[in-house]
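Both counts, for ligands and for their atoms, begin at 1 and track the order of listing. Sequence positions, counted from 1, serve as the residue numbers for this chain.
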Amino acid sequence: MSEELVFQPSADAVARTRTTAEQYEALYRRSISDPDGFWREEAQRLDWMKPFTKVKNTSFEYPDVSIKWFEDGELNVSANCIDRHLATRADTVALIWEPDDPKDEARFITYRQLHEEVCRLANVLKAKGVKKGDRVTIYLPMIPEAAYAMLACARIGAVHSVVFGGFSPDSLSGRINDCGSKLVITADEGRRGGKAVALKANVDAALESCPGVETVLVVRNTGNAVAMKAGRDVWVADEAKAVSADCPPEPMNAEDPLFILYTSGSTGKPKGVLHTTGGYLVWVSLTHELAFDYKPGEIYWCTADVGWVTGHSYIVYGPLANAGTSLMFEGVPSWPDASRFWQVVERHKVNIFYTAPTAIRALMGAGAEWTEKNDLSSLRLLGSVGEPINPEAWLWYHKHVGKERCEIVDTWWQTETGGFMITPLPGAIPAKPGSATKPFYGVKPVVLSPEGRVQEQVKAEGVLAIADSWPGQMRTVYGDHERFVETYFSTYKGYYFTGDGCRRDADGYYWITGRVDDVLNVSGHRLGTAEVESALVAHPKVAEAAVVGYPHNVKGQGIYCYVTLMTGEGYDDALKDELKQWVRKQIGPIATPDLIQWAPGLPKTRSGKIMRRILRKVAENDYSNLGDTSTLADPGVVEHLVENRLNR
Ligand code: ATP
Ligand code: MG
């Protein structure tokens, strides 16, 4: 259905855009044919302490992979995100903080205040002996202090590793030890959905197996009593009072590390992705500005957690580099009720709203009436990231949230890519529900056959790889360059391997079909999990679905579907038959599900992605060894699925 469905940019989007369709085509071509010239100019958007003379110095040649951008330039990320805005925008709000509980007060932090907070914290870090190149682990809830902590590290050249506040002590200690942090920044407690999260207690438990940690800086957040270990734990506020409110930004080489971040673990053990200074900031700042057509003064809200790359690139670094106003939300979409997101949109007159398909599907499951209670007229543009968005969820988002007025940008990218890779530019690239559309400047996607042949024709299907480097690319896996080279450059020599499958349609649009490891092979036909899932979600009673293969005597692989219904729908057998017929009609007989298991909940990573790896094990009736489950949000969901498995 969806390939033919095209949404032209609205007249408003065309009127305000800084990129027309023709400009996109021309600039894209130039970015590919003359990367040095293109990026030399684009990099001028940043303030350089020492101008670079070299632009691109990269090789994807296995095994000598090496990636350097702007390698002799110097700059500081925090100066670019704060100091340079002070002359003209000191009183502009940089961060809006919306608390978990709607009864509590929001906070508004101007660029001037941000400067002072970051400088003080940077001086506290220095006073505690943190030096350029040292790693600092940040384990904080969604409070402004998380952004201060990241920027304070950047200011003095320390490398931050943010660990999502929902992770257990074990996951935390593993990540602290992997990068060898001597200092951890945390809070007494966090809040989510009306419940307290015992962050400091988790740190205490984690540190039992982290002998290298000397200092814990604690932010007083809920104010509840927590244990403080003498000689190790100190309150940030007390320390910050004792230091200067000014801290000169450290000149950093463009290739000095900025942060380490572990991937979300959908496919296996998380990787410590390392990003550096210059190329990363050019990339996130340019992509943020163009994909959202962002202009300072607009209220921008990305609902991700700062513990994920989306929070790094598109709550903190991209928006602040662009002198933007970025909203940080401490809470969850479902508490106190399913209109919580829309209350926040109304309260702060949000113009740009960026979230994940998992949240959209959950809100869709709760019912459209929840979108009717608030004034959403401030919204101009909606974004999606994290998984392929099912066309049905896209249309729901468009109709009930965007009121058929807002542009939608579906941004495909990865922790490894630093920022957007395939995304529409509003006003320039028409949208197709379910497609991330076209490559961003400098991105050269190729579709490979499973054997690694480049599919030259426009209409093609296969493995998504990238043929050349872009400034925001990760540089290595921290402490394990060989793993970096093996993971991304050994399967298809000369290319960066994304791990995702895709289809390119006759218009040159890219459709992510799911992870390559998840592709189904049914009677010799290759089928993307995303396609079958989208067909199921298109049924009016289905809220969410996950599809995996399992060994099948006749077909090679059978299609095993886990289905969550809309709130209030009854789980009965007649509906299973109806759904099988439905998918058959939508895609074709080859895609007819063999087994449908009702799943009131699906196993997800803590960033909300479905872990098909685990579902595959259950479908294969091989559930004793589920692999790394440390990133699961709710282990209880798996037990329920195992108990009710169908292929015994
Ligand atoms: P791990 O690499 O540890 O298995 P992960 O791949 O989930 O975890 P991320 O870097 O957070 O870690 O996610 C990137 C992946 O998310 C992409 O490779 C792709 O599969 C999926 N993805 C992100 N955005 C989109 C999108 N707009 N459309 C389709 N898929 C997307
Ligand atoms: Mg990945």
Side-chain angles (χ1 to χ4, degrees), residues 2 162 164 167 171 175 261-275 287 291 302 304-314 354-361 382-391 393-394 397 408-424 431-440 445 463-466 472-474 477 483-484 487-488 496-503 509-519 528-531 533-534 603-614 627-633:
S2 39
V162 181
F164 171 54
F167 275 130
S171 307
R175 286 163 175 75
L261 182 61
Y262 295 85
T263 55
S264 49
S266 308
T267 56
K269 193 174 175 295
K271 303 170 265 295
V273 168
L274 184 103
H275 281 288
T287 49
C302 165
D305 193 281
V306 286
W308 311 121
V309 73
T310 309
H312 282 57
S313 300
Y314 298 110
Y354 185 36
T355 196
T358 181
I360 298 168
R361 290 190 301 257
L382 308 174
S384 172
V385 61
E387 289 181 291
I389 179 165
N390 320 99
W394 195 104
Y397 197 28
I408 296 187
V409 293
D410 175 4
T411 60
W412 175 83
W413 60 296
Q414 310 178 297
T415 309
E416 295 89 336
T417 70
F420 305 156
M421 297 292 279
I422 302 183
T423 176
K432 296 189 188 186
S435 167
T437 78
K438 301 252 187 160
F440 191 77
V463 173
L464 179 62
I466 313 289
Q473 184 171 22
M474 75 182 283
V477 170
R483 184 169 177 207
F484 172 63
T487 307
Y488 304 104
Y496 167 79
F497 171 50
T498 67
D500 288 343
C502 87
R503 192 153 50 78
Y509 277 51
Y510 289 82
W511 301 73
I512 305 297
T513 49
R515 318 270 177 163
V516 175
D517 298 347
D518 296 333
V519 169
T529 47
E531 294 174 83
E533 287 161 10
S534 288
K604 292 190 180 167
T605 62
R606 281 155 208 266
S607 57
K609 299 183 196 211
I610 298 169
M611 285 168 97
R612 288 181 194 73
R613 172 168 67 79
I614 288 178
D628 183 32
T629 52
S630 65
T631 62
L632 259 181

Trainee: Could you tell me whether the side chain of Tyr397 and the main chain of Gly383 form a donor-acceptor pair under 3.5 Å?
Mentor: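 Yes, Tyr397 side chain to Gly383 backbone: donor-acceptor pair under 3.5 Å.
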
Trainee: Give me the nearest non-hydrogen protein atom to atom 29 (C) of ligand 1 as residue plus atom name, then the distance to 0.1 Å.
Mentor: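 Looking only at protein heavy atoms, the one closest to atom 29 (C) of ligand 1 is Pro388 N, 3.1 Å.
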
Trainee: Kindly compute the distance separating CD1 (Ile614) from CG (Leu632), expressed to the nearest 0.5 Å.
Mentor: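 Going from the CD1 atom of Ile614 to the CG atom of Leu632 covers 4.0 Å.
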
Trainee: Specify side chain, backbone, both or neither for Trp413, according to which of its non-hydrogen atoms lie closer than 4.0 Å to ligand 1.
Mentor: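 It is the backbone that touches ligand 1; the side chain stays farther off.
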
Trainee: Is there a nitrogen or oxygen of Val385 sitting under 3.5 Å from a nitrogen or oxygen of ligand 1?
Mentor: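 Between Val385 and ligand 1 (N or O atoms, distance only) the closest approach is not under 3.5 Å.
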
Trainee: Considering only the protein, which heavy-atom contact is closest to atom 4 (O) of ligand 1, and what is its distance?
Mentor: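 Result: Thr267 OG1, 2.5 Å.
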
Trainee: Can Thr287 and Tyr314 be counted as having a side-chain donor-acceptor contact under 3.5 angstrom?
Mentor: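 Side chains of Thr287 and Tyr314: pair found under 3.5 Å.
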
Trainee: Determine whether the side chain, the backbone, both or neither of Asp500 has a heavy atom under 4.0 Å from any heavy atom of ligand 1.
Mentor: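 Within the 4.0 Å criterion, Asp500 contacts ligand 1 through side-chain atoms alone.
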
Trainee: Using the salt bridge (charged side-chain N to carboxylate O under 4.0 Å, His left out) criterion, which residues pair with Arg175? Sequence neighbours excluded.
Mentor: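 For Arg175, no residue satisfies salt bridge (charged side-chain N to carboxylate O under 4.0 Å, His left out) once neighbours in sequence are set aside.
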
Trainee: Can you tell me if Gly265 contacts ligand 1 (heavy atom of the residue under 4.0 Å from the ligand)?
Mentor: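 It does, in that a heavy atom of Gly265 comes within the 4.0 Å cut-off of ligand 1.
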
Trainee: Which of the listed options, Lys609, Glu416, Arg613, holds the heavy atom that is closest to atom 14 (C) of ligand 1?
Mentor: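 Selected option, by shortest heavy-atom distance: Lys609.
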
Trainee: Please write down residue, atom name and distance for the protein heavy atom closest to atom 2 (O) of ligand 1.
Mentor: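 That would be Lys271 NZ, 3.4 Å.
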
Trainee: Using a 4.0 Å heavy-atom cut-off, say whether Gln414 meets ligand 1 through its side chain, its backbone, both or neither.
Mentor: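 The answer is both.
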
Trainee: Suppose we measure from atom 5 (P) of ligand 1 to each protein heavy atom; which comes out shortest, and what is that distance?
Mentor: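 Ranking protein heavy atoms by distance from atom 5 (P) of ligand 1, first comes Ser264 OG, 3.2 Å.
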
Trainee: Is Gly386 in polar range of ligand 1, meaning some N or O pair under 3.5 Å apart?
Mentor: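 Yes, there is a polar N/O contact under 3.5 Å.
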
Trainee: For ligand 1, which part of Thr415 has a heavy atom less than 4.0 Å away: the side chain, the backbone, both, or neither?
Mentor: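 It is both parts that get close, each with some atom under 4.0 Å.
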
Trainee: Students should be able to answer this: which protein heavy-atom is nearest to atom 7 (O) of ligand 1, and at what distance?
Mentor: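 Ranked first by proximity to atom 7 (O) of ligand 1 is Ser266 OG, 2.5 Å.
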
Trainee: Kindly compute the distance separating CD (Glu533) from CD (Glu387), expressed to the nearest 0.5 Å.
Mentor: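 Rounded to the nearest 0.5 Å, the CD-CD separation comes to 8.0 Å.
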
Trainee: When you compare ligand 1 with Lys269, is there at least one nitrogen or oxygen pair between them that comes in under 3.5 angstrom?
Mentor: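 No, there is no polar N/O contact under 3.5 Å.
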
Trainee: Looking only at heavy atoms, which two atoms of Val385 and Pro357 are closest? And how far apart?
Mentor: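 For Val385 versus Pro357, the nearest heavy atoms are O-CD, 3.1 Å.
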
Trainee: Is the shortest side-chain heavy-atom distance between Trp412 and Tyr510 below 4.5 Å?
Mentor: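 Of all side-chain heavy-atom pairs linking Tyr510 with Trp412, none is under 4.5 Å.
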
Trainee: Between CE of Met611 and NZ of Lys604, what distance do you get to the nearest 0.5 Å?
Mentor: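 These two atoms lie 12.5 Å from each other.
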
Trainee: Side chains of Phe484 and Met474, heavy atoms from C-beta outward: is any pair under 4.5 Å?
Mentor: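 Yes, close enough: below the 4.5 Å cut-off.
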
Trainee: Would you give the length of the straight line joining atom CD1 of Ile360 to atom CD1 of Ile408, rounded to the nearest 0.5 angstrom?
Mentor: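 Here the rounded value is 7.5 Å.
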
Trainee: Checking a contact table here: which protein heavy atom is nearest atom 6 (O) of ligand 1, and how many Å away?
Mentor: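 Minimum-distance protein heavy atom for atom 6 (O) of ligand 1 reads Arg515 NH1, 2.6 Å.
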
Trainee: May I ask you to identify, for Thr411, whether its side chain, its backbone, both or neither come under 4.0 Å of ligand 1 on a heavy-atom basis?
Mentor: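 The answer is the backbone.
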
Trainee: Does only the side chain of Glu387 get under 4.0 Å from ligand 1, or the backbone, or both, or neither? Count heavy atoms.
Mentor: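 It is the backbone that gets close, since no side chain atom is under 4.0 Å.
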
Trainee: When you look for heavy atoms under 4.0 Å from ligand 1, do you find them on the side chain of Ala436, its backbone, both, or neither?
Mentor: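 Neither part.
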
Trainee: How long is the span from the OH atom in Tyr262 to the OG1 atom in Thr415, to the nearest 0.5 Å?
Mentor: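 Taking OH in Tyr262 and OG1 in Thr415, the distance rounds to 12.5 Å.
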
Trainee: Of all the atoms in ligand 1, which lie at a distance below 4.0 Å from a heavy atom belonging to Ile512?
Mentor: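 In order of number, 29 (C), 30 (N).
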
Trainee: Roughly how far apart are Gln414 CD and Met421 CE, rounded to 0.5 Å?
Mentor: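 Separation between the atoms: 7.5 Å.
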
